Amino acid sequence: MIKKATYTLSLATGAALLLGACAAPEGGDLTEQADGVEKPASNEITAQSPGKPSAAITLTHKLRNAVGPGQTGVVDVTVADGYDAGAASLTASGGEGVEVIVASALLEYDMSGDDPQSWEILFQADSPGARYINITANVTNAGGGDMVKTFSLRVDIEGDNGVEKADGAAPVIDSENNEVILEAEETIDN
Amino acid sequence: MRFVIQVSSRATFRQKIRQLVVSALGICALAACDSGGGGGSTTPAPTPTPTPPPSPTTVTISGKITFDLVPANTVTNGLNYNATVARPARGVRVEVVNSAGSVLASTITDAAGDYSLTTSSNTNVRIRARARLLKSTGATWDVTVRDNTSGNADYVLAGSLTSSGAANSTRNLNAASGWGGSSYTGVRAAAPFAILDAIYEALTQFEAIDAGIAFPALQVYWSVNNRPASGTIANGEIGTSFYGVLGGVPTIAVLGAANVDTDEYDRHVLVHEFGHYFEDQLARSDSPGGSHSPSARLDARLAFSEGWGNALSGIILGDPIYRDSLGAAQSTGFNVNVETYAPPTPGWFSEGSVQSIIYDVFDSADDGADALSAGLTPIYNAFVSPSFTNSPLAATIFLWAEVIRADPSVNTAAFDALISAQSINGAGPDGAGETNDGGIATSLPVYKTATVGGAAVVICSVDNAGTGNQLGVRNMIRVNVPTAGAYTLQAVRTSGDTGRDPDIVVLLNGVTQAAGISSVSDSETLNANLAAGDYVIDVYDFRNVLGNSPGDACFDFTIL
């Protein structure tokens with residue numbers, strides 16, 4: 001059953017009900033929400049804006065079967081748009097440790113229709129844990145110019161459920177004082 | 001040296017004197033020889049050295065805090081790392097801490113990023129700059145950048161642990177971007193300070209209008225792991241950069257995933273989200289949320305809120321071109337000119353129309369229908385006016401226009417020209433008489449009207465402009481409740497597609513009072529205790545909001 005609530009962004013501290021569609025920032029993955037992804041109590045959202053301006057594209061996705069490292073997985077993606085004209089072009093690429101099968105990496109369609117689009121993305125991951133397939137959606141809207149929106153679709157590869165971490169150097173975490181220490185470039189003149 | 005001579009006669013005295021002089025000369029010669037390292041048996045007294053002054057007990061450490069600002073590439077809309085410049089970190093808290101981490105003194109950097117702190121001399125200390133804007137007098141604010149993927153830890157830029165010495169000294173700290181030429185290779189220390197700098201710009205411009213403005217505390221979540229994925233915020237799965245109230249705290253969450261989408265240097269994005277924070281905490285927003293775009297036809301409340309955020313970004317940053325970088329190496333992106341962008345279907349439902357109107361009220365460049373150059377003050381005043389914040393009607397372009405028209409600094413005719421140029425012709429705060437339906441006939445009138453115990457009002461929820469909160473999905477119905485009591489509100493499908501899911505939300509001055517959100521097919525019944533007052537009832541097909549088997553259907557709405 002789809003979880004329902006109603007969301008209203010308002011001034012008052014009175015209760016605001018949260019829309020299932022907006023439980024994730026809009027344009028995110030509704031299936032993730034339907035799967036009941038944990039939200040820490042400290043980040044319970046009681047009001048939320050729709051997010052930064054971007055193409056009016058929404059995605060839902062579902063991993064078709066359990067998949068382990070080195071195996072080919074399939075993600076079923078449903079694409080909906082808020083336009084009645086123009087062209088959409090969506091490109092999939094693998095995050096760290098993920099390779100998207102090239103033949104499945106592109107979806108292009110005419111947005112004049114009402115029906116959502118179905119898209120199968122094939123991929124392989126080299127290690128277990130939470131990995132991401134990144135989507136860039138470009139919209140060329142008749143008379144309206146180009147807009148873009150990005151998505152990261154989470155796929156859980158069987159094994160240790162670690163989450164992909166970003167590239168680059170990691171800062172020092174001072175857990176005692178709950179601080180992230182960023183080393184400065186410093187010059188001292190005595 | 002004292003000599004005592006005893007003599008028996010004057011002649012003997014003179015002889016003795018001669019002997020004394022010779023002896024004295026000999027002593028002097030001996031002294032000279034002694035000082036030259038020669039022989040001699042007598043050491044003259046040393047010249048006393050001056051007593052050094054006591055060491056100071058305190059010294060002053062001063063300097064400048066800067067961060068790497070990566071500007072936009074105005075051709076690609078990506079980031080231009082080659083043009084990275086060091087910019088002052090304005091208004092941030094600076095601390096001097098000892099080896100144990102105890103704060104010995106603190107201050108706030110000035111508009112040039114300069115600071116000055118007095119501390120104990122000859123003590124090992126470290127200068128630190130917190131990613132925190134703090135102002136406690138006059139206009140007040142408290143904005144902190146935190147890492148939501150590390151237990152919401154505060155970001156702190158830290159210098160080395162070095163002796164404060166016995167004299168004043170200078171320590172300059174720079175937060176580097178971490179960019180290594182083709183990718184991020186170092187710690188992205190600049191990001192939190194780049195975020196704060198854009199927000200500082202907004203804070204100070206509002207301060208210039210209202211010297212006593214009190215901004216509620218705001219936190220900003222940023223992490224290199226913040227990506228456009230749905231899921232757990234603690235994992236960085238924030239979906240997109242957004243404003244929200246998280247755990248009771250006003251929060252702006254900012255994307256930071258390199259090679260996917262980063263927003264720490266996208267200043268228009270940051271100020272756009274600040275605009276939502278301002279709406280929520282100091283003004284009013286009734287936006288139902290949802291996917292949006294300047295070219296789309298939207299729910300009027302969503303269009304107004306988003307158009308405001310876009311316009312504010314151009315106003316605060318002095319640049320009407322909204323840019324957003326993304327992609328591999330942050331090398332691409334898109335832009336929207338909030339002043340000149342022409343939506344394909346302008347109107348009261350268009351984010352693109354709203355941004356143009358608000359920006360043109362502000363700017364000094366008259367163009368097309370724009371003959372207004374009123375600045376930010378009347379715009380701000382309209383947002384915080386009780387006529388806007390306390391109205392029973394929803395926050396749409398109609399309500400805001402009615403309020404700003406009353407501002408004596410705004411030429412009414414010139415303002416109406418802006419409205420008309422965006423194909424908006426409804427009058428009053430409720431858009432009475434509006435004829436532009438955006439291609440969705442059932443979207444008009446802007447407000448339907450129902451009476452308690454009266455005939456059913458027909459409303460329709462359609463997905464012609466798209467699902468979510470696009471134009472035509474939701475309906476606003478005005479109802480006056482004459483006396484407090486128990487009421488029954490009902491929406492029953494009467495035509496169109498079947499298997500719909502109507503919902504009812506009751507709003508008083510924009511605040512939800514009751515909601516009927518069951519999954520009963522084709523009807524919704526809400527029993528609610530309501531106080532007397534003027535309400536706006538929001539009725540929609542939830543399947544259209546969700547985009548799950550969307551369709552077109554009409555419903556009879558009654559309140560008994």
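Note: hydrogens, waters and symmetry copies are ignored here, and every other heavy atom, side chains too, is used. It should be emphasised that the depicted structure is a prediction, and the values quoted were computed from it without experimental measurement.
Across Ser291(B) and Ala56(A), no two heavy atoms sit closer than the pair OG-CA, 3.2 Å. Pro50(A) approaches Gly289(B) most closely through the heavy-atom pair CG-CA, 3.4 Å. When all heavy atoms are compared, the tightest approach of Pro53(A) to Tyr322(B) is CD-OH, 2.9 Å. Annotation for Phe242(B) and Gly51(A): closest pair CB-CA, 3.9 Å, computed over non-hydrogen atoms. Considering all non-hydrogen atoms of both residues, Ala229(B) and Tyr132(A) come closest at CB-CE2, 3.9 Å.
Only the side chain of Pro192(B) comes within contact range of chain A, judged by heavy atoms closer than 4.5 Å. In this structure, chain A has a heavy atom under 4.5 Å from the side chain of Leu255(B), while its backbone stays farther away. Within the 4.5 angstrom heavy-atom criterion, no atom of Ile65(B) approaches chain A. Using a 4.5 Å cut-off between heavy atoms, Leu326(B) touches chain A through its side chain atoms alone. With a 4.5 Å cut-off on non-hydrogen atoms, Gln513(B) does not touch chain A at all.
By the ring pair (Phe, Tyr, Trp, His ring centres under 6.0 Å) test, Tyr155(B) pairs with Trp222(B), sequence neighbours left out. Residues forming a salt bridge (Lys or Arg N to Asp or Glu O under 4.0 Å) with Glu120(A) (at least two apart in sequence, or on another chain): Arg64(A). Asp552(B) meets the salt bridge (Lys or Arg N to Asp or Glu O under 4.0 Å) test with no other residue; sequence neighbours excluded.
The structure places CE of Met147(A) at 8.0 Å from NE2 of His292(B), a figure rounded to the nearest 0.5 Å. Of the inter-residue distances, the one linking Arg154(A) atom CZ with Thr232(B) atom OG1 reads 6.5 Å to the nearest 0.5 angstrom. The structure places CG of Asp324(B) at 7.5 Å from OG1 of Thr150(A), a figure rounded to the nearest 0.5 Å.
Within the 4.5 Å cutoff, no side-chain heavy atoms of Lys149(A) are placed close to those of Thr240(B).
Contact annotation for residues 174-190 of chain A against chain B (heavy-atom separation below 4.5 Å, listed by residue number): Asn178(A), Glu179(A), Val180(A), Ile181(A), Leu182(A), Glu183(A), Ala184(A), Glu185(A), Glu186(A), Thr187(A), Ile188(A), Asp189(A), Asn190(A).
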